[in-house]
Each structure stands twice: as structure tokens, then as C-alpha cells.
Amino acid sequence: MNAPTRAPGGVRIGILGVNFGWGPHAALETVISEIRRTVPGDCRVVAFGSEYGRSLMESVVDEWCEFDGSDYDALTREAAARRLDVALVTLEGFAARAFEAAGVRTVFVDLMPFLWHGADLAVPPLEVSHYLALRLPGLSQETLGWMRDIRNLRWIGAVVPWQSQEATRHSYGYADGNRRAIVTLGGMLGLTTRDTTTYPSLVLPGAIEALIATGFDSILIAGNTPRADLDAIVSPYRGRAEFRFGPLTRDEYRTRIAESALCLSQPGLMSLLEASSCGTPLIRLPPQNVSGFQQAEIHRIATGAHTGVTWPTDVVDEAVVTRKAAETEAAGNDYVYGAIADGLRRRLDTTRRSVRAHLEQLIPECLALPADTWTGLVEKVGTDGAKVAAEVVLDTARTAAGN
């Protein structure tokens with residue numbers, strides 16, 4: 001194999017995001033976009049694995065390399081062969097170690113420091129060249145305790161796209177006649193599930209009924225559920241509202257949130273941060289994985305908004321989620337996925353009524369809250385994550401080149 005060549009003054013960056021939803025890949029896309037916006041010279045980006053994020057990252061990636069998600073020795077060999085200047089990894093600690101083993105200085109971005117405990121504490125790469133952790137409110141003493149062992153820790157703000165100082169929310173609100181709502185389901189793919197239909201089939205009917213009942217007549221559903229499945233879910237409601245479906249590009253996703261009078265969001269952290277950076281009123285839909293329960297609580301703490309829809313306990317019991325997740329995240333997720341699937345089979349109608357009733361109560365309460373409520377999350381977390389991560393990546397590459 002011929003060694004890859006590098007343009008004078010250029011940089012070769014390897015990137016990898018854990019295959020869990022879209023958040024890790026959205027963060028990678030945002031950081032690389034910031035690097036491309038600011039870096040002098042040629043920037044070549046090589047992505048390893050990260051299959052779930054290909055649609056999000058295709059505009060910033062130059063080469064794709066296979067990684068099966070488990071053969072870290074092979075990842076080390078491939079990374080070494082690519083003669084990378086630096087690597088950028090989101091949430092995949094074993095991959096970060098594999099890059100370091102290849103002699104590639106690595107920047108690890110931990111979007112969910114609250115997630116690691118028990119057996120999962122084997123994941124965070126404490127000796128990585130740079131460990132960037134999201135500055136989240138409400139982190140436990142347990143989390144802050146193990147993080148003291150990280151060698152090169154730096155706290156960062158939300159990894160959200162760069163905006164000029166002139167950029168502001170460009171939508172008028174519900175009180176002014178805006179009847180557009182966005183329902184953001186996120187990237188519903190996990191380490192052990194590729195099911196993108198069960199959760200929306202259980203949650204969307206009640207959500208759509210509540211939106212229509214409270215006056216919304218334009219509803220955008222953003223997610224990676226197949227269009228045919230979404231068509232079937234909304235079919236009973238056509239004629240009462242206009243429906244559009246995602247997935248959306250990164251720029252379009254942000255624009256649509258900013259244009260909407262209301263966002264209903266499965267509480268993925270990146271979705272919550274994006275909506276907060278736009279200042280859009282938000283109601284948290286029932287979580288569809290372990291991290292969703294924790295992220296919903298983070299959003300509540302930061303905004304003070306008690307605008308969350310909870311599962312009926314006979315569908316998903318949060319006490320059981322907590323107990324299972326204390327073993328491992330995977331054990332908690334297995335319970336949640338199974339409970340949602342069982343709920344669709346056996347409790348579809350009661351869940352529909354529960355979600356609708358809860359939302360019909362929450363929607364007017366949500367829209368009546370002060371506008372500055374909704375920026376509370378990014379105000380507490382900060383918005384410098386992409387800028388700082390880009391600077392650390394480039395500084396790391398320059399240091400490596402100087403040795």
C-alpha cells in the first residue's frame with residue numbers, strides 16, 4: 001500500500017463515532033465543519049465505521065474505512081496505515097485507545113459523562129491525549145469522582161453549529177399565529193437494536209392528536225423511521241393537518257426547529273441542545289433508552305420547565321429502568337426496548353390516550369412560559385463546544401507534526 005500523501009500545511013484527521021443514535025455523529029459533523037471553516041490549508045477527513053452517521057457526515061468526510069465495532073486491533077493497524085495527524089472520537093472509548101495504540105494522538109469527546117458507572121466505567125479512556133467532557137448541570141458526585149482520574153480533562157459547552165452574532169430565532173410564536181410544530185424522534189438506532197418503528201408507532205398517535213386538538217396544523221416529523229411507516233401512523237389524521245417527514249440535513253434540521261412554534265422531542269441530548277440554542281419551546285416525549293431518562297432530567301434542571309411526558313408505569317416503569325441501568329447501560333436499554341415493544345402489542349390504545357391527555361395539559365403550559373426558559377440549557381452548558389474541540393484537534397495535530 002502506498003502511504004497517503006499530505007498537502008503542504010494540511011492535516012489528516014481520523015474520526016469515529018459510536019453507533020448509538022445520531023448524536024455522536026452530529027457532534028463530529030459540527031466539529032469538522034468548524035475545522036473546515038477555520039483551518040488554513042488542506043483538511044482531509046477519514047471516517048472509520050460510524051455507519052449510523054453517514055447521512056449526517058457525508059459532506060465533511062473524504063474517505064470511509066470499515067470498522068466492525070469490535071476488532072480494535074484491526075482499527076489500530078488501519079489507523080497507523082493512514083498516517084493520521086490526529087483522531088477525533090465521540091463516546092467510543094475503546095476506539096480512542098486503538099487510535100492511541102497506533103501512535104495517533106486522540107481527542108475524545110464525552111457527550112454523556114453521566115452515563116458511566118459500574119462495569120461501564122471500562123469505556124472512558126482516562127489516558128487519552130485530550131478528554132473533552134460536556135459541561136452538564138446536575139452531574140452526580142459519583143460521576144465527578146471517577147472523572148478526577150482523567151489525565152487531560154477539559155470541560156466544554158454544547159457542540160452546536162456556529163452562528164454569526166446576527167443569527168437569531170427567526171420564527172414568530174404560537175400567540176402570533178404560528179401553527180407549525182416539529183416532532184423530533186432522533187436517530188433511533190442502538191448498539192443492540194435497529195428498530196426505528198416501534199417507538200413512534202406507540203407514541204406518535206397520542207402526540208399528533210394532542211397537537212391537532214391544540215390548534216397545530218403543520219407537523220414535521222424528523223427521524224429515521226421509514227416514510228411508509230410514518231405514512232401509516234399519520235393516515236387517520238390526514239385532512240386535519242399537513243404532515244412532512246425527515247430525516248433532515250443538519251442545516252435544515254436546525255432551520256426547521258427555529259421556524260417551529262413548538263418542538264416535541266424524544267429527549268436525545270443533541271436534540272435538546274439544538275432546540276435550546278434556537279430558543280424553541282420544547283416538550284420532552286417519553287424516553288426511548290436509558291440515557292433519555294437522564295437527559296430529560298438534565299433539561300428539566302437547566303430550564304426549570306416541568307414539560308415532560310412520562311410513560312404509564314404499566315408500559316415502562318422508571319424504577320425498573322433505574323435498577324437495571326445500575327447493572328449496565330445495556331441491561332437498562334434491553335428492558336426499555338422490550339417494554340416499549342410489549343406496550344405496542346398490548347397497550348397501544350391506553351398509551352395513546354395517556355400521551356394525548358398529558359400533552360393537552362402540557363402544551364398550553366409550555367407555550368405560556370417565558371421565552372428565556374428555552375435557552376436555559378445552552379446558557380448553563382455553554383455553546384463553545386465545537387470551537388474548543390476544533391482548536392484542540394488542530395493544536396494536537398500541530399504538536400504531532402512538530403515531533
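Every value quoted in this text rests on a predicted model; they were computed, and no experiment measured them. Residues: numbered from 1 along the sequence shown.
- In summary, R227 and D231 engage in a salt bridge, as defined by a charged side-chain N under 4.0 Å from a carboxylate O.
- Considering every non-hydrogen atom in both S201 and L348, the closest pair reads O-CD1, 3.6 Å.
- Judged by distance alone, the side chain of D120 and the main-chain N or O of E329 form a donor-acceptor pair under 3.5 Å.
- Looking at every heavy atom in both residues, A95 comes nearest to L16 through CB-CD2, 3.7 Å.
- Proximity of L91 to V109: side-chain heavy atoms (C-beta onward) are nowhere separated by under 4.5 Å.
- The closest side-chain donor-acceptor pair between T249 and D251, if any, does not fall under 3.5 angstrom.
- Remark: aromatic rings of Y52 and F20 are distant, center separation not under 6.0 Å.
- Judged by distance alone, the side chain of T90 and the main-chain N or O of L88 form no donor-acceptor pair under 3.5 Å.
- At a threshold of 4.5 Å between non-hydrogen side-chain atoms, the residues I35 and C43 count as touching.
- Contact check for E318 versus W311: no side-chain heavy atoms found under the 4.5 Å cut-off.
- Ring centroids of Y199 and Y337 are separated by 6.0 Å or more, keeping the two rings apart.
- By the 30° and 60° cut-offs, the orientation of the rings of W374 relative to H299 is parallel.
- Salt-bridge check for E274 with R254: passed, with a basic side-chain N closer than 4.0 Å to an acidic carboxylate O.
- Under the 4.0 Å criterion applied to side-chain N and carboxylate O atoms, E100 and R97 are not assigned as salt-bridge partners.
- Salt bridge D62/R36: present, at least one basic N to carboxylate O contact under 4.0 Å.
- Across P287 and Q266, no two heavy atoms sit closer than the pair CA-OE1, 4.4 Å.
- S129 has its side chain out of reach of V107: every pair of non-hydrogen atoms, C-beta onward, lies at least 4.5 Å apart.
- At a threshold of 4.5 Å between non-hydrogen side-chain atoms, the residues H117 and W146 do not count as touching.
- Around atom CD of E66, no more than 12 heavy atoms belonging to other residues, nucleotides or ligands sit under 6.0 Å away.
- A heavy-atom distance below 4.5 Å is found between the side chains of M147 and W155.
- Electrostatic pairing of E63 and R12 counts as a salt bridge here, judged by a charged N lying under 4.0 Å from a carboxylate O.
- Annotation: side chain of E209 is in contact with side chain of Y237 (closest heavy-atom distance under 4.5 Å).
- Side-chain contact, E29 with S33: a donor N or O sits under 3.5 Å from an acceptor N or O.
- Across every non-hydrogen atom of L273 and V378, the tightest pair is O-CG1, 3.6 Å.
- Among all heavy-atom pairs drawn from P281 and L367, the shortest one is CB-CD2, 4.3 Å.
- Of all heavy-atom pairs between L111 and L136, the closest is O-CD1, 3.9 Å.
- In this structure, R179 satisfies the cation-pi test against Y174, with its NZ or CZ atom closer than 6.0 Å to the six-membered ring centre and inside 45 degrees of the ring normal.
- Annotation: side chain of L282 is not in contact with side chain of C366 (no heavy-atom distance under 4.5 Å).
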